[in-house]
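As a basis for the values below, the full set of heavy atoms in this structure was taken, side chains included, without hydrogen atoms, waters or symmetry mates. So that the names make sense, note that chain A is the first sequence line, chain B the second, and so on, each numbered from 1.
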Amino acid sequence: MTVLYFAWVKEKVGLSQETVAPPPEVTTVSKLIDWLADRSAGHKAAFANRKLIKSAVDQVHVDHGGRVDSATEVAFFPPVTGG
Amino acid sequence: MTVLYFAWVKEKVGLSQETVAPPPEVTTVSKLIDWLADRSAGHKAAFANRKLIKSAVDQVHVDHGGRVDSATEVAFFPPVTGG
Amino acid sequence: MFTVRVQNEAFNIGEEIGAFCAANSSSGGIVTFVGQMRDFRGPDWDSGTAVVAMTLEHYPGMAERQLSDLTAEAQRRWPLDAVLVIHRFGKLTPGDPIVLVAVASAHRESAFDACRFLMDWLKTQAPFWKKENTPTGATWVQASASDHAKVSRWKP
Amino acid sequence: MFTVRVQNEAFNIGEEIGAFCAANSSSGGIVTFVGQMRDFRGPDWDSGTAVVAMTLEHYPGMAERQLSDLTAEAQRRWPLDAVLVIHRFGKLTPGDPIVLVAVASAHRESAFDACRFLMDWLKTQAPFWKKENTPTGATWVQASASDHAKVSRWKP
């Protein structure tokens, strides 16, 4: 699974993307956040207030209850500010 | 008083404008239409169905009850179709 | 800047909008409406009648005045940085732009609302009349009842 | 034609809109929205902070996909002849156009509605993030609560 980070989430994590292999019990975005937050101090800081973080699974917006079991690409970012 | 005609009103009257001096009892647009309609067969044809005719007094839209006593310019035309 | 132009000469849409955006580069949002002369009359080209040319008659003086009054009313209703209204008169050929309304504002909502307000009112208030030349003759365009219905939403 | 472009290169507003109008000269009405980079942050220039440059980060792939999905949704909702969406990413300087949405339709109501729908959704759904460079440093722009409120009117 590829995990992508954007904007200040990327800056806090210190990575724009990484390839991870979470265990099978990581079935939702929320559980993936729990699991990722333990990877480094940067990850922990980025996910400290998860209400600020939006997520997309395979390039489609999903909330934190969305499934990630069969995802190939999961992204985390702040609310969008384009336009 | 200058009277202006536009679009098919102009074509029916056969004039784009004329200078007229209606008597003092012609105080409203409606009375002016009555008075103008007698000037020629073209005028009569143009004003035959006055519900189709819009009017402006001194370049401001008014309905047929509008005053013309002190008007210097009165215009008659069909509903506008610009834009 | 608030500008109204009523003119016989054709105008270039890209140049006008490009210059308007450049002159208002500090405005957050710019909304424009362009009305172009269609080459048919009716619901669509296939079931419609070909229109080969159009003459736009106008009421000189009142046309400029009405458009300026509408622009001033839009300024009163919304916080606008600039408005440009250009309306053609005279002989037009298919594809010619007839009207351009451009509105610049810090707020995109205001720009959208004001541009739509100007078009709705222009359609029912500005003294212009279209005559279409079709292969079977020239006829005056009928006013649209729906245009009159649209304007009612802007009543104060 | 329904076109979405997500690009690093600057674009010329006048040329893009001029070409769009020329390509859709049979459409009765064309509505466009242009968003340009402002040179200040805050309610107005005097009380705001100067912004000297901006970096627009985006999610490649998803950005194009979201904008294409929004365009397809607009086509389902309104009778549209053509849509053009251009969105920049990368480094921008004040006055640069950020986004252009152009909509052509036989009906001006549909063109206005669809253009506004696209902008409202783009603002809350398209994966772009603005970072502003001010004299005191670079900061990520905060999402606007009012943008999220605006989108609720388009719920089916």
Region of Lys10(B) that comes under 4.5 Å of a non-hydrogen atom in chain C: side chain
Nearest atoms (heavy-atom pairs only) where Arg65(C) meets Val60(B): NH2-CG2, 3.5 Å
From His61(B) atom NE2 to Thr124(C) atom OG1, the distance as rounded to the nearest 0.5 Å: 7.5 Å
Mutual orientation of the aromatic rings belonging to Trp129(C) and Phe6(B) [parallel < 30°, tilted 30-60°, perpendicular > 60°]: parallel
Proximity breakdown for Lys130(C) and chain B, heavy-atom pairs closer than 4.5 Å: both
Distance-minimising heavy-atom pair for Tyr59(C) and Ala75(B): CE1-CB, 3.4 Å
Atom of Gly83(B), atom of Ile98(C) and distance for their closest heavy-atom approach: O-CG2, 3.9 Å
Atom pair NZ (Lys131(C)) and CD (Glu11(B)), whose distance is rounded to the nearest 0.5 Å: 3.5 Å
Nearest non-hydrogen partners of Val80(B) and Ala143(C), listed with the distance: O-CB, 4.0 Å
For chain B, the option from Val141(C), Leu122(C), Asp147(C) that forms the most heavy-atom pairs under 4.5 Å: Val141(C)
Where Gln66(C) and Gln59(B) come nearest, the two heavy atoms and their spacing: NE2-O, 4.4 Å
Residue Gln142(C) excluded, over 12 heavy atoms near CD under 6.0 Å: no
